[in-house]
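Counting convention: from 1, in listed order, for ligands and their atoms alike. Along the sequence shown, the residues carry numbers beginning at 1. Because the structure is predicted, anything quoted here is derived from the model rather than measured.
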Amino acid sequence: MRPIDFVGDIHGHATALRELVHQLGYRLRSGSWQHPDEARLVFLGDLIDRGPEQRETVELVHGLCEQGRAMCLMGNHEFNAVGFVTPRTDDPTRHVRSHTDAHIRQHQAFLDAYVHHPQDYKDTIAWFSRLPLWFEQQGVRAVHACWHAPAQALLEPYVDAHHAPIDQSFFTDSAIEDSPAWHGRETLLNGLEMRLPEGSHFRDYYGIQRRRIRVNWWDPDQSTYRESAVIDASQRDRIPNLPLPSTAPSYHEQLVFFGHYWMRGAPRIQHPRAVCLDYSIALPDGALCAYRYQGESDAQVSHLSWVTHT
Ligand SMILES: [Mn+2]
């Protein structure tokens, strides 16, 4: 089979991306991307925001995609970029991604990168709006944050055979909090949440009372809410140490790659069937990580590769 290289979150670090793509054996020869084993790439989303080279990152990934050498999944940041310029259907004076100070701050570097390139900006938003939400081929899967069949089922009415949005309704319907599309999109692009048992809650870092936690759906060996919570180690004690219900997600299916979770330290295989490839390249000591899939059913540590800031 043709190998598939899955690549984690890039967040505007085109220099690291160029180095990684080169390390993986891809070469641009007379305008055309080549690989000696005819390998192809699957990007796990979050190309943009935070980093210094956002337009360069989009250009490189888009170029690889246009030549049939790559495909790119939608991350929550690509969703937000489209949502930032998409009016809500329930209140057209507002946008799918609201223009709060915090949201503008998070997105300003992307807007600045295109300020003198209005046509590129239009083309990029149009490309983002058509990125698939998940990938499943040749016995392997990928998604930005969480593989979850019930969430995919909620989004089936909005996507084509490649799991890409058919039209704007994916963006406008999933802007309506608590709608089926909102639940589906939140789970796939931002991660799975679970409600704590009735009567139970915790106070987060800011003192806000919460009844839901984000769970590490990819680890099948957890037994309590506290173990399962995706939360900074210093905050874990805040989560009730109560047993998870039998309905809690426990991923035992075919190999899946995902990004989104800002893993720290040296890239590793957390679980042989569910591998996070986001190693926080947006941080000074982070890495941009890839995995070369060659048909194996369990992930092998020797298939990981990565680059760091030099
Ligand atoms: Mn993300």
Near-ring test [Y]/[X], centroid separation under 6.0 angstrom:
| X | Y | value |
| --- | --- | --- |
| F258 | W217 | yes |
| H309 | H13 | yes |
| H107 | F84 | yes |

Decide yes or no for V230 and Y261: does some side-chain heavy atom of the first lie under 4.5 Å from some side-chain heavy atom of the second?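 V230 reaches Y261 side chain to side chain.
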Cluster overlap F128 with W134, hydrophobic side-chain contacts below 4.5 Å: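 The answer is yes; both residues are in one hydrophobic cluster.
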For the Mn ion (ligand 1), report each protein N, O or S atom nearer than 2.8 Å, sorted by chain and then by residue number.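 Near the Mn ion (ligand 1), the protein supplies D46 OD2, N76 OD1, H144 NE2, H260 ND1.
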Both conditions, 6.0 Å and 45 degrees, for the charged tip of R97 above the ring of F79: are they met here?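 Verdict for F79: no cation-pi partner in R97.
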